[in-house]
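Reviewing the structure listed below.
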Amino acid sequence: MSESLSLSARALAARAPVAAEADYLNDLNPAQREAVEALDGPVLMLAGAGTGKTKALVARIIHLVRQSKAYPNQILAVTFTNKAAREMKTRILGQLGEAAEGMAWMGTFHSLSVKILRRHAELVGLKSSFTILDTDDQLRLLKQLIAAANIDEKRWPARLLAGLIDGWKNRAWTPDRVPASEASAYNNRGTELYEAYQDRLKTLNAVDFGDILLHCVTIFQRHRDVLEDWQRRFRYILVDEYQDTNVAQYLWLRLLAQAHHNICCVGDDDQSIYGWRGAEVGNILRFEADFPGAVVVRLEQNYRSTPHILAAASGVIKGNANRLGKTLWTEETKGEKVRLIGHWDGEEEARWVGEQIEDLQRGRLGHDLSLEDMAILVRASHQMRAFEDRFLTIGLPYRVIGGPRFYERQEIRDAMAYFRLAVSPGDDLAFERVYNLPKRGLGEKAFATINQVARAAEVSLLDGARECLAHGQVSGKGGAALRTFVESIDRWNWFVLNRDNPELVAPLEAEIASLKDLNFSHLEEDDRAEAERERARRLSPLQFRLGLLTSHIALAEAILEESGYTDMWVQDKTPEAPGRLENLKELVKALEQFENLTGFLEHVSLIMENESEEQTEKVSIMTLHAAKGLEFPAVFLPGWEEGLFPSQRSMDESGQKGLEEERRLAYVGITRAEELCTISFASNRRVYGQWQSQLPSRFIDELPADHVDVLSAPSLHNSYGMGGGNSFDARVAKADVYNSPGWRRLQNSQQTRGVSAPREASHLTIDAQAVTGYGIGERVFHQKFGYGNIVAMEGDKLEIDFEHSGLKNIVARWVIPAHQVTDVPF
DNA sequence: CGTCAGGTGCTCGCT
DNA sequence: GCACCTGACG
C-alpha cells in the first residue's frame, strides 16, 4: 500500500517541473514552513489576519500528497464557506494538477456531512433521499406545531423557538439530551416542541441545517463501526476558521480525529465574530488541552497591511482579556496612518465617503485605485441605505455584498418549490408553498380539507389532494384548479422519472427524423408551403416533448410556464416584477451547470451563489461579518458610535463577552485594509426614524493616537467659518473629536451608568428651546432637512427654504440658528 | 378569496 | 422608517 502510494507520488512529482516541486516550501516563511512540515499529530496554526494561512494550508495538503502520507481522497479539508473551499481547491489544482481532482473530501462542514449522512440516513430514521429545509421551511413547520400545541404565537414567536432549537442543535443536544436547565425555555414547552419538531421532520424525510451535523455526530457516537470506517478513510484532517466552530462541529471533528490525532486546525481567536450563532471561541483556546502534545505555530508576519494599520488594529484588540495573544508585524515601513473623521450626521458621512471614493478613483489622494479596490464595511445592514442613497444620486456604481441571498428570494424559492414537487411529489412543504401560487382560488379552507384528508390517510398532501378530488371534497372552481395542479405535478414527475428513457426517446427521434426527411420539392409552390407549415405544426410538439425528456432545463422552463408562475410575474405591475423575472431566467441559466434537477436542488439547498459575472467596476458595501476573509486597498469604516458599534444589543445580551466580540469585529474591520483605512462617526443619526445624538465609539478611544490622523470634515469648518489652514483645523478637530474632555466626560458618565444608559438629550433641542425669536432671511438648521433660510413666519411657525429639501413649514423649536450648530458633542 | 389599512418590532446571517 | 403580519371589508 505505502509502496504504491509513494510510487504514485513520485510519478506525480516527475510530471511536475523540478523547480515547482520545491517552490511550495521555499515560498514559505519559517513559521509557515513549520506549520506545513509538522505533518503528523495535532497542529494548531494561529494565523493572524493577512498572514498567509490559506497559502500554508494549501502547501500542507500538497506536502501530504508529495510526501506520500495520503492520497488526495484520504485528506479531509473542512472550511466554513463554499467560497473558501472553492478557493482552496483552485489553488491546489494549480499546484497539484489532476491529482487534486481526487480531493473529494474538501468542503464545508455541511456539504461533507450531507455526503456522509446520505450513506447512513437509515441510522437516524431517514431515507437517503432526505430533503434539506432552509430557515423559511423550518419556520413554517414550527408555526404549525405551535398552533397545534395551542400556544399563542404572538406571545411566543416561532422565531424564538427556532432560535432555541438551533442553539440546542449547535450544542449537539438531541431532544433527550437537552439539559434540565433549559426546561423553562419557550414557556416551559421548548423541549416538548423540539421533540415534536424532530418527529415531524422525520415523517417529512427532511433535515434542517442543524440536523445535518447533529445527525452525523449522533451516528458517529452510536455506531462505532461506522465511525471507525470514516476514521480509517480520513488519515489527515485540516480545518479552516477553527475559531468559528460550534460544539457540534467540534464533536464531529474530535470523533473523526480520535484515532490518529492527525488534525491541523487553523484559526485566529481575534477574528471570532460568530458567537451569536453558536461558535465557541473556547474550542480554539482549549485546543492544546484537547489534543495533548499539539504543535502550536503562530503566523504573525503580515503581508497585507501597512504598519500604521496593523498598529491601530493591535491597539484595539489589546483591550480584550480573553485571547491567546499574537502580535502582527510587517517588513513594510511606509504607509499612511489610519484616518479618523467625525461628521454631523449619517447623510453627511455618506456624502463625504462618496467624495473620497471619487477622489481616490481619480488618483487625487496619492493612491491609484479602482472602485474594485474600495469597500465600505458597516456594522449593521441598515447602515447601507445612506450610502446607497448617496451613491445613486451621484451615480457611483456600487454593489451590496451579502444582501438578500439569491436563493432566498421569494421568486427563487417559489420556483424551487415547483422543481421540488416535480422531483419528489411527496414534498409537502413545497406543495404548501405553491398550491395556490399563482392564485388558483384555493384558500385556507381547501388546504385545511386536503391537509386533514392527507393526515388521516397518512399520505402526502398531493395524494391527499387526489383523494379529495376523488371524493368531491374539493369541488367547483377550486376543484378544477386543484385537478389541473395535481395533474401537472404528475406530468412533470413523469418526465423526471423517464429522463432519457430510450424506449421513449428513440421513437420520438425517429418520428422527428422521418418528418424532417420528408421531401416536398416535387410539389407546386403553394402546396409546398402548405406542406412545410403542416410539417412544422407536427414537428414542434414532438420536439417540445423530446426536450422535456432529454433536458432538465427545458423541463424547468416548462414547469414555470405551465404552472402559470412566470405569467404571474409578467402580469404583476409592481416595480420589482421585472427583476424577479430576471432572477428566474438566471435560475434557469444556473441549471446548465447540472446534469439534472435533483443535483441542482441538492446544490442549492447547501449553497448560496450571488456572484454573477460583472463588467463594470464597483465599490463594495457590506457588513463587517461579510468582510471576513476579504481584503481591500482602501477600506471605509463608518458609524463608529456607541450603541451602533459596539452594538447596544450585543452588550445588553452578552455583556462583557458581547463587547469583546464587537471589539474583534473592529479588529477584523481594520485589518481588511491594505493601504488606507478610514474610520468615521456621526454626531446625529436617525435610528428607527428617531433622530438621536450619538457619542463616538469607545473603540475610537482605543485607537493608538500615534497611528491615527484626525481629519476635519471640510463641510463643517466651511459652513461654520472655522477657516484656517488644514493643520490648524486638524488640531482643532483633534482636540474636539478625539481628546476633548467634553466627550470623555460624557463617555465616563455613560460608563458609570452602565452600557444601557439613556441617551444624552440632543444639544440641539436644548439650544433650540433657549432661542426666542428669528428674523426673515435668517439662516437656520433643521435636524432632518439641514440648512435653510427663513422666508416667512407666523406665530411659532416658520416657512423655511431648505437648501436640499425646498420649502417647508416648521415649528420654531425644531430648528436652531445656523451659527449655533457648532455646539454638538464633538 | 383578495386587498388594504393599521399595528408592531427591529443585529450580525455562515450552512 | 420600513417591512411584515393581521384583521376588517369588498
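Chain naming here is simple, since letters A, B, ... match the order of the sequence lines and numbering starts at 1 in each. Small disclaimer: the values here were computed from a predicted structure and weren't measured.
In this structure, A/S647 reaches the bases: a heavy-atom distance under 4.0 Å links it to at least one base atom across the strands shown. Looking at heavy-atom distances under 4.0 Å, A/Q249 makes no contact with the nucleic acid at all.
The side-chain heavy atoms of A/F109 and A/T245, taken from C-beta on, include a pair separated by under 4.5 Å.
Place A/H110 and A/E662 on DNA chain B by their nearest nucleotides, and A/E662 ends up nearer the 5' end. In terms of position on DNA chain B, the residue among A/F109 and A/L665 whose nearest nucleotide sits closer to the 5' end is A/L665.
Using the six-membered ring where Trp is involved, A/Y274 and A/H625 have ring planes that are tilted, between 30° and 60° apart. Note: A/W156 and A/Y186 have perpendicular aromatic rings, judged against thresholds of 30 and 60 degrees for the angle between ring planes.
The distance from atom CD of A/Q271 to atom P of B/dC12 is 20 Å, rounded to the nearest whole Å. Atoms CG (A/D652) and C1' (B/dT11) sit 12 Å apart, rounded to a whole Å. When rounded to the nearest whole Å, the span between CD1 of A/I273 and P of B/dT11 equals 17 Å. The CZ-P distance, from A/R385 to B/dT11, rounds to 15 Å in whole Å.
Between B/dC12, B/dT15, C/dG1, one nucleotide has an atom nearer to the side chain of A/A380 than all others, and that is B/dC12. Among the nucleotides B/dC12, B/dT11, B/dG2, the one closest to the side chain of A/E653 is B/dT11.
Salt bridge absent: A/E660 and A/R323 never bring a charged side-chain N and a carboxylate O closer than 4.0 Å.
An aromatic stacking contact links A/Y688 with the base of B/dC10, defined here by ring centres under 5.5 Å apart and ring planes under 30° from parallel.
For the pair A/T623 and B/dT11, the criterion of a side-chain N or O lying under 4.0 Å from OP1 or OP2 is not met.
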